[in-house]
Amino acid sequence: MPENRKYIEQSEKLVKRYENDRQHYFKLEEFIAIADYYALNNNYKNALEVNNTAEIFYPSSFELKTIKADLYIKNNEFEKAEKIIKDIEYNSDVITDVYILRGEICLKKRQYKSAEKLFDKAIELSDEKDFAIELICDFLVTMHQLQLAKKYLELAQKTIKNINPDLLYWLAKCYETEAEYGKAAKTLESMTEITPFDEYLWDELGDTYMLITEYEKAIKAFDFRLAVSDKDAQDTLINKAECLSIIGENDSAKKLYNKILDSEKENIDAMYGIAKCYEHEKLYDAAEKLYLNIIEKDKKYIEAYYGLALIYSEKNEFKTAEKFLRKAALGDKDILIEMSKLLLKQDKIEEAQQTIENFINDYQCTSDCNTWLIYAEIISKTDIEKAIEILEKKYTEIFYSLAEICYHLAYYHFKNNNIPQCLIYLERGLELDDKMIKPFFELCPEAKLNEQIMNVYLSFITRK
């Protein structure tokens, strides 16, 4: 959002002044902006140092105290945070902040129901509900708790008359993360009515329309973006050209791609776009030549390998097509996951394990729950204890899809004849998302015959 970008730019300037001359006098809001900047970059040590300096000049500021408690929470120093909260909890000016801070602690301790109740109370007591929701959602989004964030953001959209555009933006991002692209598009549309001259917003809307295959609408959104500003618009032009090509306007698309190449001769994305146009026009020889040229310039350009695989498949040169598809798969996590699953279905366990282990530790997979569930499934075929160990470690590292991890751990413990541990993870899964228990019973239908398991399940449903 423009306001956020402007705030960050101003904060950067203040940080430079602070680092060059720490004796310089700063206003309270300037100290807060500097601390915010460090916190945004996960530099909590410097953020706390700034906050402590600010308290020397503004010792009676409750705002600084709540910020310090929040920094301690983000740095997992809960005892220090609790001490500050106890000092300020009876001050009516910060009662909303106190509930939010305690909710943050509960969330970090995985006490989700308690956290939700505290956040609900904070909003109920707040005179500035949009600000309270913004604080809560800022924390939830940071912690990847998007389901809960979505609840409060949807509440804000329904109840707050002049809603902060930042909240709408976060709601759109939550929808996008959960693949609810239609809802994301509608939310972004409402934002364009509030901030019609934000070129980045029009880009976001165009991208979202592309995800729901509304290509004509995407083209209009990209045209609005270019009308607001044609500066740094190469990605916009490429996306617009791609939409034109998809709807059959290949000549118009090639004109846009060539416009980019006129100013940047080695723009590989534009070259790839032209090759796709040739492919759509069934001019396979021209497309093949350009794809090979792209690979010569950039051997990691995966999409060109895909293109060649499709072309050789069309030419019935299947061995060559397979060769390029395998090269494409080497750099595409999603393809490798599908390949691992296919090998698993064929009981090629060792090959499936080797395939997934080629990329499982990449930074992109660190918090990808689905990838680790598949990896654990493969490992469980030969070593169920190791599969449990893998998922128990991920349970402490991943902040979303925890219910899925719990149900899979319950399943593996059940298969390992460890019913007490199975019950522990089953209860945790039910607390997080009871609707997701169906896959657990699909994995091990025999669990329905276990009296202890059914007692836990039926007891929870009755309480609910």
Side-chain angles (χ1 to χ4, degrees), residues 1-15 33 36-37 39-42 130-131 133-135 137-138 140-142 144 146 149-150 153-154 156-157 160 162-246 253 256-257 259-260 263-264 267-270 272-273 364:
M1 297 302 297
E3 294 84 356
N4 277 348
R5 287 193 292 274
K6 187 176 179 182
Y7 179 74
I8 291 169
E9 287 170 5
Q10 291 172 341
S11 298
E12 283 178 337
K13 291 177 183 177
L14 288 169
V15 167
D36 277 349
Y37 181 84
L40 280 170
N41 290 283
N42 299 322
D130 60 336
F131 183 64
I133 291 172
E134 188 172 345
L135 287 175
C137 290
D138 183 33
L140 291 173
V141 170
T142 303
H144 304 289
L146 300 183
K150 190 170 72 170
L153 292 166
E154 287 178 334
Q157 189 180 35
I160 298 170
N162 297 314
I163 188 169
N164 184 336
D166 285 345
L167 297 182
L168 287 175
Y169 181 74
W170 283 348
L171 179 57
K173 297 310 287 183
C174 286
Y175 285 141
E176 285 178 13
T177 303
E178 299 193 336
E180 296 181 82
Y181 300 120
K183 289 182 179 179
K186 286 182 179 178
T187 305
L188 292 167
E189 284 167 6
S190 66
M191 288 181 66
T192 61
E193 296 174 8
I194 301 170
T195 55
F197 299 108
D198 181 358
E199 65 265 34
Y200 300 101
L201 179 56
W202 287 109
D203 267 332
E204 191 93 33
L205 181 57
D207 291 343
T208 308
Y209 281 141
M210 289 180 74
L211 290 168
I212 55 175
T213 67
E214 294 276 1
Y215 298 112
E216 287 86 355
K217 286 185 177 180
I219 290 167
K220 286 181 181 178
F222 293 135
D223 282 339
F224 272 113
R225 189 270 193 239
L226 294 166
V228 172
S229 173
D230 60 0
K231 192 176 180 182
D232 299 323
Q234 283 193 348
D235 287 343
T236 308
L237 291 170
I238 284 172
N239 287 336
K240 180 183 175 181
E242 183 180 345
C243 291
L244 288 167
S245 179
I246 289 169
L256 279 180
Y257 287 129
K259 182 180 177 181
I260 294 167
S263 58
E264 189 182 340
N267 190 302
I268 292 181
D269 292 330
Y272 172 76
Q364 292 176 321

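Residue numbers run from 1 in the order of the sequence given.
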Steps toward side-chain contact (heavy atoms from CB on, under 4.5 Å) verdict (Val228, Trp202): CA-CA 9 Å; Val228 172; Trp202 287 109; 4.2 Å; yes
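- Residues Glu214 and Lys220 are not paired through a salt bridge, judged by the lack of any N-O separation under 4.0 Å between the basic side chain and the carboxylate.
- A donor-acceptor distance shorter than 3.5 angstrom exists from the side chain of Ser263 to the backbone of Ile260, with no hydrogens or angles considered.
- Counting heavy atoms from C-beta outward, Phe131 and Asn164 have side chains that stay 4.5 Å or more apart.
- Put simply, CD1 on Ile238 and CZ on Phe222 are 11.0 Å apart, with the number rounded to the nearest 0.5 Å.
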side-chain hydrogen bond (donor to acceptor under 3.5 Å, both in side chains), that's the test. Do Glu189 and Tyr209 meet it? Break it down for me. CA-CA 10 Å; Glu189 284 167 6; Tyr209 281 141; 2.5 Å; yes
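- The side-chain heavy atoms of Met191 and Glu204, taken from C-beta on, include no pair separated by under 4.5 Å.
- A donor-acceptor pair shorter than 3.5 Å can be found between the side chains of Glu154 and Tyr175.
- Ala172 and Ala184 get closest at one heavy-atom pair: O-CB, 3.6 Å.
- Between the OG1 atom in Thr187 and the OH atom in Tyr169 there is a gap of 12.5 Å [rounded to 0.5 Å].
- Here the CG atom belonging to Asp166 is positioned 5.5 Å from the CD atom belonging to Glu134, to the nearest 0.5 angstrom.
- Annotation: the span from Asp203 atom CG to Thr208 atom OG1 amounts to 10.5 Å, rounded to 0.5 Å.
- For Glu176 and Lys173, the salt-bridge test passes: some basic side-chain N is under 4.0 Å from an acidic carboxylate O.
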